[in-house]
Amino acid sequence: MSIDISHISKRFGSFVALDDINLTIPSGQLTALLGPSGGGKSTLLRIIAGLENADAGAVTIEGTDATHLPAQKRNVGFVFQHYAAFKHMSVAKNVAFGLEIRKRPKAEVKQKVDELLSLVHLSQFADRLPAQLSGGQRQRMALARALAIEPNVLLLDEPFGALDAKVRKELREWLRRLHDEVHVTTVFVTHDQEEALEVADEIVVINEGRIEQVGTPDQLYDAPANDFVMGFLGPTTEIDGVLYRPHDIEVFTHPGIAGSIPARIVRELRVGFEVRLTVELLDAAHEQITVTVTRAHQRSLGLRPDLDVWLATTHGAVVPLMDPAQPATA
Amino acid sequence: MVRTSPLLRLVLRTVVVGYLVLLVAWPVSLVATHTFDDGFSALSKAFADPEVIHALKLTAVVALSSVAINLVFGVTISLLLVRYEFPGKRLLSALVDVPLSVSPVVVGLALLLVYNPRSGWLGPALADAGVQVIFSTPGMVLATTFVALPLVIREVVPVLEEIGDDQEWAARSLGASSFQTLRRITLPGVKWALVYGVVLALARSLGEYGAVKVVSGNVVGSTQTATLLVDQRYQNFDQPTAYAISFLLAVASVVCIVIVSVLRPKQEA
């Protein structure tokens, strides 16, 4: 049982939002759709939910062909970036909405709402209006509301995008724990690679309406299918046309290491424990690359601008699989 | 806030207050004082006059009917303008504003051309079916509805745009049908805009004169509304009654506005 997406295409005027997407999202997992803004990931999520119609292709949810089912018949929970709280209803009424629409008995609704509010730690706010909650609380309310209908799949569209950095971090850890408790098939859209790497069981990288790569966070990080995936998952720097992670390049203050290349430090930028060095290669092209070292490492070697150094890539450094003609769709 | 000199502030305040007093407050208050020149005699005389009672009742019927019609169609047109894309949408949006820019007299004449029982486009057919539009209540409701058409729509459209469609989509994904979504999410969301729109439309409908005069025929005791009666009594030197009815019309409008400002939530989220 899962979500099957086959040959989904969607255009907005002349803009191709999704181009022949094929994807199977496994049941019971937490899957991230990761990619830059305007890459089509939100559109794909809205098509799964029935909030948007695809121009072509089919969506199957848990074995049922949902392609032509309207949103209210798909039994999916959807969580919006800006919460979509029902502003004129109390928190409890918001959560009860789906159950009241289904005409469940009052006692059952109340019990279920109490249960969900305690799950999202909002029991003491049951009678408040959404306007009296913080952003993080509103989003937890929206999650409880979506879970109330016991959805086949839970879809979250940039759920933490409107929250400040600290709350965002707390909520994504909380989402991970929540998922481990309720095990509903969950798909969330994000443009934040850290969020995807931290929370998801599986990541689907989407760019310009196409899938670039599908895999676990480790697979994607250790074996990016191409330059785009490598670049999107973290910082990169280029030596002789090959991408490296700036922390996969070692810095020596003496020559003689096999395969090392001479260079000179041009600038340094300190960000917390890490120091980003801009280094000029002393070859014909005088390429400038970025190398990241820890603050302690910088101190022990006395790295500073205008110092001559030698660079070598770390053994086991990650490089893209490099087959740009054929983006992997594992 | 930009700091201005106290003198400039005083001058600006005087100009604004003076402008409003000369234009609005003073003339309207004169209507009130003239009404009570002889105590309550003008009002009691007016209420004893069957023509006045009939005109007031007719005004109420016409105004309430046109507000009801404008409420239903106003919500429908607003939803159409905000939530749907279709060819000719801009044209429809512009059409909604026509009643604001066209003189009510022109509106009356236009309706006469369509519904005149002898020579109008639709009039003869309707007359054969036993429906008299011109020189009767339906025509007056029609004219009033036309004139007040944009008021509900222009209040509701910006609010619908502001609240967006996320809440509606959330309701749909939770299993609500489109009608349930309208009743439980969309309408409560635009509740205050609807109240303002209705009050404005009601005030406008109570006061309509030009369009109604053309289509009603202004028959005393039959198709004469309160505003038409005010004009007629004034022309016929029955000023006390004219002032009394004017006063009632003004009071009705003020009461509407007061009710709204009392009901209005202090701070809207």
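Each chain gets a letter, A, B and so on, in the order the sequences are listed, and its residues count up from 1.
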How close do Trp169(B) and Ala71(A) get, heavy atom to heavy atom, and via which atoms?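 For Trp169(B) and Ala71(A), the tightest heavy-atom pair comes out as CZ3-CB, 4.4 Å.
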Strictly less than 4.5 Å between heavy atoms, which residues of residues 172-186 of chain B line up against chain A? Please order them by number.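 The residues closer than 4.5 Å to chain A, in numerical order, are Arg172(B), Ser173(B), Leu174(B), Gly175(B), Ala176(B), Ser177(B), Gln180(B), Arg184(B), Ile185(B).
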Does Lys110(A) have any side-chain hydrogen bond (donor to acceptor under 3.5 Å, both in side chains) partners at least two apart in sequence or in another chain, and if so, which?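 Only Asp114(A) meet the side-chain hydrogen bond (donor to acceptor under 3.5 Å, both in side chains) criterion with Lys110(A).
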Just distance, no hydrogens or angles: give the donor-acceptor pairs under 3.5 Å from side chains in residues 36-49 of chain A, sequence neighbours left out.
residue: Lys41(A); atom: NZ; partner: Gly35(A); partner atom: O; Å: 3.2
residue: Lys41(A); atom: NZ; partner: Pro36(A); partner atom: O; Å: 3.3
residue: Ser42(A); atom: OG; partner: Asp157(A); partner atom: OD1; Å: 2.8

Straight-line distance of His88(A) NE2 to Gln167(B) CD, nearest 0.5 Å: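 Output value for this atom pair is 7.0 Å.
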Distance in Å, Glu168(B) CD paired with Leu51(A) CG, rounded so as to fall on 0.5 Å steps: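 Between Glu168(B) CD and Leu51(A) CG, I get 12.0 Å after rounding to 0.5 Å.
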For atom CD of Gln111(A), is the number of surrounding heavy atoms from other residues, nucleotides or ligands below 6.0 Å larger than 12?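 Check fails, neighbour count at 12 or below.
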Mind listing the side-chain donor-acceptor pairs of residues 5-18 of chain A below 3.5 Å, one per line with the distance, residues two or more places apart or on another chain?
residue: His7(A); atom: ND1; partner: Asp20(A); partner atom: OD1; Å: 2.8
residue: Ser9(A); atom: OG; partner: Asp20(A); partner atom: N; Å: 3.0
residue: Lys10(A); atom: NZ; partner: Asn53(A); partner atom: O; Å: 2.8

Contact class of Phe86(A) relative to chain B, heavy atoms under 4.5 angstrom: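 Both parts, heavy atoms under 4.5 Å.
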Is Phe80(A) close to chain B through its backbone or its side chain, or both, or neither, when contacts mean heavy atoms under 4.5 Å?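 Contact with chain B is through the side chain of Phe80(A) alone.
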For chain B, which candidate among Gly50(A), Ala85(A), Ala146(A), Ala142(A) shows the most heavy-atom pairs at distances under 4.5 Å?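 Most pairs with chain B among the choices: Ala85(A).
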Select, from Arg74(A), Arg145(A), Lys73(A), Gln132(A), the one with the greatest count of heavy-atom pairs under 4.5 Å involving chain B.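 Counting heavy-atom pairs under 4.5 Å, the top option is Arg145(A).
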